[in-house]
Structures are given as structure tokens and as C-alpha cells.
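To keep things clear, I will list the structure first and then write my remarks on it.
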There are 2 protein chains.
Amino acid sequence: MLSSPGDSASMRPREETRFEGFLRERKLKLTGERMSILAAVFQRGSHFDAEALHAELKASGADISRATVYRTLDLLVQCGLVRKHSLGATHANYEAAQDEHHDHLVCIQCGKVLEFFRPDLEKLQESICNEQDFQPFHHSLQIFGLCSRCKGGIDEREIRGRVAQLHT
Amino acid sequence: MLSSPGDSASMRPREETRFEGFLRERKLKLTGERMSILAAVFQRGSHFDAEALHAELKASGADISRATVYRTLDLLVQCGLVRKHSLGATHANYEAAQDEHHDHLVCIQCGKVLEFFRPDLEKLQESICNEQDFQPFHHSLQIFGLCSRCKGGIDEREIRGRVAQLHT
DNA sequence: TAGCAGTATGAAACTTGATTTAAATCACTA
DNA sequence: TAGTGATTTAAATCAAGTTTCATACTGCTA
């Protein structure tokens, strides 16, 4: 992947600038903890949960409490820099909002998460909401199944049972 | 709504017969608790959570423990008689599987849940999964926004903040 | 650049949804 | 209808997330 202009070593990552703007706008404070968490989230990129992020921060020497991790993730979600998903789990999954909105395919065997974007889905949403006189703000389409590496040789009955128990 | 043939007073509801078959097949036992829970679920019909169901059972005199409610809901989900959703919440929502698969519109102001089914969505899922070499078992599309009664006169910024914090 | 007001943090307690335990009870088979 | 294994219950436990409150710090302002 090509790096965008804002990524060069001499410039601040654009997510920092954006988060700072967000904090200033709401008269919130720019603290070391908040910036460390933001950096960790964007270094990771892919899907993660709050506890794993906290463990990772701790392992890397940053002494930041669980409460602050949760509080800061909330702020980042408010700010639009981080997205919160369920992906079938009982706990929240997060991802850095580096690109545009997309939906997810979740492999229930290995946990892999694939992303996709389909403009026709956005059209479909519009049409459904028109029919029902509903004003949409957000949608989430999750498809649960087996990825290319996991499909084959797996007891379908067992898979169906597991899928039924997901929070979907 | 017309009542189906199986609903007449002299016949057992078809969900009872089905649950009994499921239990027998797996050499599980048909207990009074399980049957009470099944009946309560199908009397209710609409979306509910485990704690509310437990409270309702208790209120109606049935002395069934929380653990049994949770365990039986799991069985009913396995059996396909009950569906489990998240609907943006951190806890599970259930519904009696009286009709075919459908997806949901969730009003984030009043909590109302509308259902819809679109064959073109099923087609779309097929096409996405073909592209990604993914074997789908289940999908869930949730649209979050404001229903006809709630839209208008609401601060969009506040709504966006609330939506971002959902487990979607 | 010191002081201040108010926000942020951390540790620990708490909450909520859900699961597990152990002992008593019950459903089914023979 | 006795035996055995599944089921139930209350209570303990667990996991994710939130709240509390005393202390520390940020961002002004003078």
C-alpha cells in the first residue's frame, strides 16, 4: 500500500491532528495517555478488543489503566477515528477507521475478519428505509461462515449450532 | 392474524412437538421448566431479553431459576425455535422464530424494532461470498436510525454519537 | 512562570449479563 | 419401580465494562 503524504516522518499523522481538534473543540485535555492509546490503535489497525489493547499497552511499558483505555476508546469512537463492532461476540471489537465504511465477513472457525464494500448495499438500505419511513444513520451487515482456508471437512451441524449462539 | 390449523385448542402447538423431537433426538429430558419457558417465549413473540423473560416467568408464578432460563434459551436457539440477535445492545435479544429469516431496523430513540425481508439481499450475500471464496451460514443486517414517529426535531449530532457507541 | 480551576487518571469497588458449581431432584429406561 | 444419568437450584464465579473518589495533571491567566 502506498503511504499518503501525511504519513511522512516529518509530519504528524493526520489522526493525531484530528483527535487534537476534537478534544480542543470540546474543551477536553490532550494527555499523554490519550495520545499513546491513539498511537497504539493506529499501529495495530486490524480488529481488536479493549482488553487486548490494554494488555498490549502494558506490555510495551505504558502504564495506563483499564478505565482510561475504555474511556479513551469511547472518545475515539465519538470522534469517528475508531469504529466499534460486535462481529458476533459478546464484547466490543474495535478498528481504526482508516478507510471508508465497510461491512464484514467473519470466519467462525479461525476468527478471520474480511472486509467488503458494496455500493448496491447502500442503495438497498435506502430502498428499505423508504418503504418503512425510517431515517437511517448507520447499518451493519455481518456474514458468518467459513473462509477459504477453513471450509471443507468441517461438521456443518456443529457449525450451525455455533452460528446460532452468536450475538448477531 | 389468522390462526394456523395447529393452534386449535385440541392440538399441541407445533413448537412443542418440534422441541420434544429435538430433545428426544439428543436424549435430553422433557421437563416442566423447559416447557414453561417455551410457552412463555411463544406467548411473548416479539423481541425480549433473558432477564425480562425470567422476571415474567417469576411474576406469573413459575419458579424457574435464571440459570435454567439461560440454558433453555440456548437449547431453543440450537433447535431453531428461537433466534438470538444483538440489535446494537451489549446483551442478547431473543425472538420466537415464528416466520422466516428477516433482518431488522432499530429505532435508537424509542427502541422499536421493525422487520424486513428482501430477496435481493440474499442474492447480494451470495455474490459477496463468491467474490471472497467464503461459505456463508448466516447473515445479519441491522439498520439503526429513527422510526417514523421519532424522526424530526432531534439533534442529529447526539444521535450520531449514540449510534457510534452501539455494538453493531 | 506561578497559581488556579477544572479535567483526567488510577485503583478498587461495583454492575450487569451470563456461566459454573455442587448437592438435591427428577425423567426416562429396563 | 428402581437405578442412573440428566436437570434444577442457589450461590459463587466470571468477564466486560463503568463508577467512585482521592490525587495528579493540563491549559489557562495574570
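Chain letters run A, B, ... following the sequence lines, proteins first and then strands; every chain starts at 1.
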- Rounded off to whole Å, could you give me the NZ-to-C1' distance for the A:K27 and C:dG6 pair? 13 Å

- Message: Counting the benzene-type ring for Trp, do B:H167 and A:H91 have ring centres under 6.0 Å apart?
- Response: no

- Message: If you only use heavy atoms from C-beta on, which nucleotide in D:dA6, C:dA8, D:dG27 is closest to the side chain of A:L28?
- Response: C:dA8

- Message: Surrounding CD of A:E126 (heavy atoms of other residues, nucleotides or ligands, distance under 6.0 Å), is the total greater than 12?
- Response: no

- Taken to the nearest whole Å, CD/A:Q165 to C1'/C:dG17 is 15 Å

- Note on the structure: Rounded to whole Å, the CD-C1' distance (B:E51 to C:dT19) equals 12 Å

- Query: For A:H54 and C:dT9, what is the distance between atoms NE2 and P respectively, to the nearest whole Å?
  - Reply: 13 Å

- Query: So what does B:T68 hit on the nucleic acid, given a heavy-atom distance under 4.0 Å: a base, only sugar-phosphate, or nothing?
  - Reply: base

- Message: Less than 4.0 angstrom from a charged side-chain N to a carboxylate O is my criterion; do B:R118 and A:E131 meet it?
- Response: yes

- Task: Remember a base hit wins even if backbone is also touched, and classify B:D49 as base, sugar-phosphate or nothing at under 4.0 Å, heavy atoms.
- Result: nothing

- Note on the structure: The answer to which of A:H91 and A:T31 contacts DNA chain D further toward the 5' end, by nearest nucleotide, is A:H91

- Item | Closest to the A:L30 side chain, choosing from C:dG17, D:dG17, D:dG27 | D:dG27

- Query: Any luck finding a side-chain donor-acceptor pair between A:H101 and A:D103 under 3.5 Å?
  - Reply: yes

- Cluster question for you: counting only ILVMFWY and a side-chain heavy-atom cut-off of under 4.5 Å, with indirect links fine, are A:Y94 and A:V106 together? no

- Figure out the CG/C1' separation between B:L73 and D:dT7, and round it to whole Å. 16 Å

- Item | Short N-O contact, B:E25 and A:R157, less than 4.0 angstrom | yes

- Here the distance between atom P of D:dT20 and atom OH of A:Y70, to the nearest Å, is 18 Å

- Pair A:K84 + A:E95, salt bridge at N-O below 4.0 Å: no

- Query: What about A:K29: does its side chain form a donor-acceptor pair under 3.5 Å with the base of C:dG6?
  - Reply: yes

- Enumerate the residues from residues 32-40 of chain B whose closest heavy atom to DNA chain D is under 4.0 Å, giving them by residue number; use none for an empty result. B:E33, B:R34

- Taking side chain as C-beta onward, heavy atoms only, is A:R162 less than 4.5 Å from A:I159? yes

- Item | B:H54 side chain vs B:I64 backbone, donor-acceptor pair below 3.5 Å | yes

- Item | Separation of atom CG in A:L57 from atom P in C:dG10, rounded to whole Å | 11 Å

- From the list D:dT7, D:dG17, C:dA18, which nucleotide is the closest neighbour of the side chain of A:R66? D:dG17

N/O to N/O distances under 3.5 Å, protein versus nucleotides 20-24 of chain C:
none

- Distance in angstrom units between A:H167 NE2 and C:dT16 C1', rounded: 13 Å

